[in-house]
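Counting convention: from 1, in listed order, for ligands and their atoms alike.
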Amino acid sequence: MDRSQGRIARPNAEAGAATETFTGNRGLQLEEKLIFEQDSPGRTGVDLPPAPKVKSRLGGLERGSAVGLPGLSEPQVVQHYTRLSQKNYAIDSGVYPLGSCTMKHNPRLNEKMARLPGFGDVHPLQPQSTVQGALELIDSLAHWLKTLTGMPAVALSPAAGAHGELCGMVAIRVALEARGEADKRLRVLVPESAHGTNPATAAVLGFKVESIPANAEGRVDLAAMKAALGPDVAAIMLTNPNTCGLFERDIREVADAVHAAGAYFYCDGANFNAIVGRVRPGDLGIDCMHINLHKTFSTPHGGGGPGSGPVVLSAALAPYAPYPWTVKEGEKFRAIEAGSVGDGKPFGRLKAFHGQMGMFVRALSYMLSHGSDGLWQVASDAVLNANYVLARLKDVMSPAFPGACMHEALFDDEFLKGTGVTTLDFAKAMIDEGYHPMTMYFPLVVHGALLIEPTETQAKADLDQFVDALRHLAQKAKSGTAAAEFQAAPVLAPRRRLDETLAARKPVLRWKPPPPTAQAAE
Ligand SMILES: *Cc1c(COP(=O)(O)O)cnc(C)c1O
């Protein structure tokens, strides 16, 4: 392949050197001031006639000072926000390899459906007789989730994966209370490779978190897990496929051992994309699992939301599912918001109203447009793509574990040893190549981890370009002569390396006008 056309030398004022990128990426980024700093007092996007002089009836409550809005014309506002949006790498910009996040394409059809007035404009306090279609949609989504997971019940209200974990673990605690064992079962087992939300959820509920080591194959150490079980264990929280991108082969044995010890099995289902349509978690013996609709079933995420984290529940936990849920009575749908049905003992409510309606519409739209065979294909292609990335990179980067992977390819920093380049430097250099970095330094069980999840929605040509860029960087790092260049990266981004610790510890969230400059000093 002739890459000469992709090589573009670009003057880099700061470094005083030419920056050559492999992909030909170049920065096209103006320095953007805050909108308040662009204020030109009196300028507006509209011309209003002068306000007529009327006697104020506000009794002294009228504003005495300016509102403090910046003065800009309409094109200035449009350009400001468009430029800001272009500083943001997005799922619509290119490969978004962030592992554990399932950053897949969001079909535009989902958006069209979510904006239908009957879905987009309903109010949660409308009488149920006027939102029968919305309730039917919620009911259909519940049916799909129960069918795909092989579980008898689902709680739809949790607003994200972590909220779903809270829902499932509260259900477990309430079930333990019903057995009179809540006081003595206070330990929760969490494998080392778990997402940080798992131990956090258990800790928030007052459980004592106990870490279970991984074995040399990146899977939970079964013997250590069994040894940790006992009459004081409430639950295990296990992710499958796990955060090393591997299927927990012993999952049935885990479930049997956990149940034999009288504990419950929470499965983190954030990685459901790798097995959707192919494996029913209910067949694996789990008691509850959250599903990130915003990962497996598309729906936009990143940048803080919105999300949706329904939880499917086994027969043992179903009676404790929180309000609300829908039932079909004759031809009508009804949302159950109070009281109990059958032997149900709902633990209460997790969230106002019914859950993330817009996400429900997008997820069901995604399911219906793929069909059950299409979802099977989603899982197959996601796993195929990840294995393709793994196979094409394994001679220049160092796979963390031998063998094939599921939906994500995990590398450690062994290939960078002795080069002076760290995982962080490598990730920053990817930005200059025009890519959002993969997940770094997670999972913690792998030294200097680099976790790549291509998802099923990337075309082979795009994966090839991405892989070629990574191969180029890996070889450049190994040449031993480019450490300084890696350490200086990124040079093409609007900002270079930031003090991320300071930014997290002391965020500056408010703009304050500069002190008024003294009027023309005499
Ligand atoms: C994303 C993720 C979560 C948390 O989900 P949120 O929707 O971000 O709260 C939990 N576990 C794993 C493995 C994840 O990838």
Next item on the list: Give a yes/no on ligand 1: does Glu165 have at least one heavy atom closer than 4.0 angstrom to it?
Entry: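 For ligand 1, residue contact (heavy atoms, under 4.0 Å) with Glu165 is present.
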Next item on the list: Report yes or no: does His294 have a heavy atom closer than 4.0 Å to ligand 1?
Entry: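 Checking ligand 1 against His294, which is what was asked, there is a heavy-atom contact under 4.0 Å.
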Margin query: For His447, is the NE2 atom crowded, meaning more than 12 foreign heavy atoms sit under 6.0 Å from it?
Written below: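 No, NE2 of His447 has 12 or fewer neighbouring heavy atoms, counting only those of other groups under 6.0 Å.
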Is it true that the side chains of [X] and [Y] contain a donor and an acceptor less than 3.5 Å apart?
| X | Y | result |
| --- | --- | --- |
| Arg278 | Ser380 | yes |
| Glu165 | Asn198 | yes |
| Thr102 | Glu453 | yes |
| Asp425 | Thr422 | yes |

Next item on the list: Kindly confirm or rule out an N or O of Ala160 lying under 3.5 angstrom from an N or O of ligand 1.
Entry: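 Such a contact does not occur with ligand 1.
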Item checked: Check: Ser100 N/O within less than 3.5 Å of ligand 1 N/O ->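 Looking only at distances, the answer is yes, because the N/O contact criterion of under 3.5 Å is met.
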Nearest-contact summary for [atom] - protein heavy atom, Å:
| atom | result |
| --- | --- |
| atom 11 (N) of ligand 1 | Asp268 OD2, 2.5 Å |
| atom 6 (P) of ligand 1 | Gly161 N, 3.4 Å |
| atom 1 (C) of ligand 1 | Lys295 NZ, 1.5 Å |
| atom 4 (C) of ligand 1 | His195 CE1, 3.8 Å |
| atom 5 (O) of ligand 1 | Asn292 ND2, 3.0 Å |

Checklist line | Phe411 and Phe426 aromatic centres sub-6.0 Å | finding: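 Phe411 vs Phe426: aromatic centres not under 6.0 Å.
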Check: Thinking salt bridges, do Glu500 and Lys428 make one under a 4.0 Å N-O criterion?
Finding: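 Judged by the 4.0 Å cut-off on N to carboxylate O distance, Glu500 and Lys428 do form a salt bridge.
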Notebook entry, point to check: With atoms numbered from 1 as shown, which atoms in ligand 1 lie under 4.0 angstrom from a non-hydrogen atom of Ala270?
Noted result: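 Close to Ala270: 2 (C), 11 (N), 12 (C), 13 (C), 14 (C), 15 (O).
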Next item on the list: Please state whether the rings of Tyr323 and Trp325 are parallel, tilted or perpendicular, taking 30° and 60° as the class boundaries.
Entry: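 It falls in the parallel class, under 30°.
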Next item on the list: From atom 9 (O) of ligand 1, work out which of Gly196, Ala159, Gly309, Ala162 has a heavy atom at the shortest distance.
Entry: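 Selected option, by shortest heavy-atom distance: Ala162.
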